Amino acid sequence: MTPSLQVMEYHLVNYRRTWRASVLSSLVLPLLTMLGFGVGVGAYVTGGVEGVDYLPWMVPGLIASTAVQGAIGESTWPVLSSFEWVKTYFAQSAAPLRVADILGGHLAFMLFRVLTSVMAFLLVAALFGALRSPWALAVLPIALLLALAVAAPVAAYTASVSTDMYLAILIRFAVLPMSLFSGVFFPIESLPEVLRWVAFVLPLWHGVDLCRAATLGIDPGPGAVWQALYLVAWGVAGWFLAHWRYRGRLVI
Amino acid sequence: MNSLIHARGLIKRFEGFTAVDGIDVDVRAGEAFGFLGPNGAGKSSTMRMIGCVSPPTDGVLRILGMDPRRDGPRIRARLGVCPQLDNLDPELTVRENLTTYARFFGIPRRVARARADELLDFVQLSERADSRVEPLSGGMKRRLTIARALVNEPDLVLLDEPTTGLDPQARHLVWERLFRLKQQGVTLVLTTHYMDEAEQLCDRLVVMDGGRIVAEGSPRALIETHSTREVVELRFPTDDQSGYADKLAGIGDRAEVLPDRILLYVGDGDDALAEVHRRSLSPASALVRRSSLEDVFLHLTGRTLVD
Amino acid sequence: MLTLVLPRRLVGLEGAARRSASVAQRNVDALKTAYWLVMLGGLLEPVLYLFSIGVGVGGLVGEIALPGGRTIGYAEFVAPAMLASSAMSGALSETTFNFFGKMKFMRLYEGMLATPVRPIEIALGELSWAMLRGSVYSAAFLVIMVLLDLTTPARALLAFPAAVLVGFAFGALGMTISTLIRGWQDFDMIGAGQFALFLFSGTFVPATTYPPVLRWLVEVTPLYRAVDLIRGISIGTLGPVQVVDVLYLLAMTGAGLLIAGRRMERLLCR
């Protein structure tokens with residue numbers, strides 16, 4: 001455990017130089033979306049959604065989406081750079097660190113980044129009156145779970161490619177469609193059957209659904225446990241995949 | 001006027017400092033001309049002015065009889081430039097780097113392709129023609145950059161530190177290719193801080209220091225004028241070599257004390273060494289060699305070329 | 001005297017055009033299989049937004065009332081804005097991120113400037129490449145709009161040059177920005193600015209919804225003018241205000257190119 005913390009410490013020290021820029025992308029952009037979209041378009045959604053006003057309905061989705069964006073952002077370019085450009089991982093593997101420490105420490109840092117931006121977002125959402133229940137605090141562990149479910153497999157993907165062109169392809173063909181069709185902006189019930197199943201398979205919708213139940217204070221029923229476990233499964237499978245890919249590049 | 005490059009009182013100033021401080025240069029057709037000097041001497045700034053990508057602050061500069069301020073594109077059409085740091089296109093193959101570059105000169109595609117094949121042959125990269133640039137070794141990249149500089153059949157080739165950062169074997173391969181070009185009558189202008197490179201390639205050179213020219217001539221003439229025939233290098237087993245300088249007084253023309261050794265400038269090295277032993281001094285090591293441009297530079301500036 | 005000077009200038013112009021074209025040509029040469037996939041992704045983006053927001057959220061919003069009293073479907077309202085935004089983001093990504101990468105990271109322009117190519121010709125060459133690429137995207141998106149019955153073929157034909165103009169204006173702006181960028185960290189700022197424009201340019205709701213001050217602010221931003229122009233064409237409400245849009249975008253193109261060419265000269269030919 002301690003070696004992972006040392007790796008995480010390295011990333012935290014590095015983060016001291018760049019945190020200002022990251023505030024912009026991880027907080028200001030989702031806030032703008034909330035204002036421009038939630039408030040703006042919300043005014044035109046006269047009937048509300050599922051019995052709730054549009055803004056409080058879409059805010060939990062936006063929080064889950066923010067967690068995913070943060071996780072993706074940290075598990076793509078920074079990971080590729082650690083392998084290809086700055087080669088941080090190789091420097092670390094020259095120290096008495098195991099692959100699991102290097103991967104674990106970096107993932108822990110990614111989760112830390114997601115946690116801070118989700119906390120900030122939650123605070124602002126509360127100020128806008130978009131949270132309907134004290135259960136909203138449950139969003140924090142849900143966001144962490146969701147972030148791990150995304151960051152681990154994506155880190156495995158990044159560790160398998162050599163140029164950032166493949167990252168652009170991932171973002172455009174997987175991340176963007178997932179963000180747009182996972183019930184963040186409109187209920188997935190209005191999607192065609194096939195696309196609805198795609199949303200079920202991908203992790204984001206489960207995170208959105210759980211967050212929504214939390215901020216609206218709706219009892220999600222026993223299905224929530226299965227959804228959480230499904231996210232755990234993504235995270236665990238992602239961890240093993242990433243460990244295997246990292247090992248393939250670091251231990252040669 | 002026969003000079004391909006003609007400079008009088010050429011000055012380049014950046015905010016706060018003067019990189020080139022009034023130099024006079026004439027380069028004639030067919031010769032290999034060198035700028036020798038340490039890092040920061042103003043060699044690269046001079047090259048960029050000659051390459052018409054950096055306007056002179058003051059002074060006269062004529063390239064191929066034209067004014068770089070007015071005729072930049074027309075002059076550059078007849079120059080070949082090999083920059084200090086390779087700026088090959090990483091998104092293109094080796095051959096495409098030449099053909100695409102040829103298009104910037106308005107060379108028709110078919111001509112460009114034929115010339116690319118010829119040049120790849122010349123720099124011994126034919127087998128890598130369809131490879132990406134990335135995996136090439138440093139020496140291969142430099143040879144490709146040289147080939148690229150030749151794609152427009154230039155009247156004048158500018159080479160900024162052509163072998164800096166290459167391993168000895170790669171350097172010799174580059175030198176050999178440049179030597180071939182020289183034999184074909186191509187005018188070469190190069191900068192270097194390696195005295196062996198300057199001695200091997202240059203018919204004539206100027207020694208630069210602090211933006212000024214401190215000496216000019218052929219490598220041999222420079223050595224004859226500014227140094228003795230031979231040099232004795234002595235290392236004494238001590239932290240402070242200067243303590244021995246007094247004890248060596250009177251041997252040869254003069255002595256230079258460096259942190260790790262003492263150089264004695266003499267006509268005959270063996271005689272001088274015998275004299276050292278006669279004074280019952282016992283250096284840890286002693287070496288007799290011929291004078292080089294390094295010694296010229298040391299004598300003129302009191303500093304070594306490579307630090 | 002004049003007759004002597006004029007042909008020489010024309011020859012000069014022809015040379016400049018040829019050299020600019022050779023700069024654009026370099027990008028065609030660099031196209032490899034995987035890049036096509038990235039380009040396809042660029043085409044996909046506005047389509048995905050159209051389906052998600054226009055169709056998905058459109059199901060919640062219903063119809064949008066226009067100032068004249070006419071109402072149109074939400075997808076019909078959003079589609080032209082997606083076209084304008086994608087013309088903007090395509091032009092900006094090519095002229096900021098890619099341009100900066102070529103200038104600072106690959107140092108491509110140093111190599112080009114050792115040839116007869118001049119800075120302004122590099123700017124023009126890169127811009128025409130961005131436009132070529134953007135035009136393909138715009139044309140494809142317009143075809144989709146027609147297929148989904150969100151506009152008529154005749155309007156789509158007129159909207160095409162408008163989308164190209166939008167690309168030119170943002171491309172020129174992007175080049176100017178590129179010459180002012182200090183490092184990669186500035187791209188976060190550009191991205192944020194771009195995203196704010198994307199959200200607040202009358203894209204998803206009519207600008208008339210905003211409070212007066214915000215509304216005036218929005219109406220002077222370039223993407224608002226671009227959306228206004230293309231929407232005016234695609235839903236058939238062209239009026240004198242669209243002439244203002246066109247003039248605005250033309251002025252932006254001219255000013256951008258002028259400043260970018262000058263600044264590049266200073267940056268690269270020190």
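Convention: sequence-line order gives letters A, B, ...; per-chain numbering from 1. All figures in this text were calculated on a predicted structure; none of them were measured in a lab.
Ranked by non-hydrogen atom pairs under 4.5 Å with chain B, the options C:Ala30, C:Ala21, C:Pro119, C:Gly125 are led by C:Ala30.
Interface residue C:Glu110: backbone and side-chain heavy atoms are both found under 4.5 Å from chain B. For B:Leu88, the part lying under 4.5 angstrom from a heavy atom of chain C is the backbone only. In this structure, chain C has no heavy atom under 4.5 Å from any part of B:Arg78. If you measure heavy-atom distances from B:Asp86 to chain C, the contacts under 4.5 Å come from the backbone alone.
The shortest non-hydrogen separation linking C:Leu127 to C:Ala172 is CD1-N, 3.8 Å.
Inspection of non-hydrogen atoms places B:Val53, B:Ser54, B:Pro55 of residues 50-58 of chain B under 4.5 Å from chain C.
Between B:Phe33 and B:Phe35, the ring-plane angle classifies as perpendicular under the 30° and 60° cut-offs. Between C:Tyr109 and C:Phe99, the ring planes are tilted. Angles from 30° to 60° get that label.
In terms of modelled atom types and a separation under 3.5 Å, the side chain of C:Ser178 and the main chain of C:Thr95 share a donor-acceptor contact.
Put simply, CD on B:Glu91 and CZ on C:Arg26 are 4.5 Å apart, with the number rounded to the nearest 0.5 Å. The OG1 atom of C:Thr96 lies 9.5 Å from the CE atom of C:Met175; values are rounded to the nearest 0.5 Å.
For the pair B:Ile63 and B:Leu156, the minimum side-chain heavy-atom distance is below 4.5 Å.
Sequence neighbours left out, the pairs with a member in residues 98-115 of chain B that pass salt bridge (Lys or Arg N to Asp or Glu O under 4.0 Å) are B:Arg109-C:Asp29, B:Arg115-B:Glu153.
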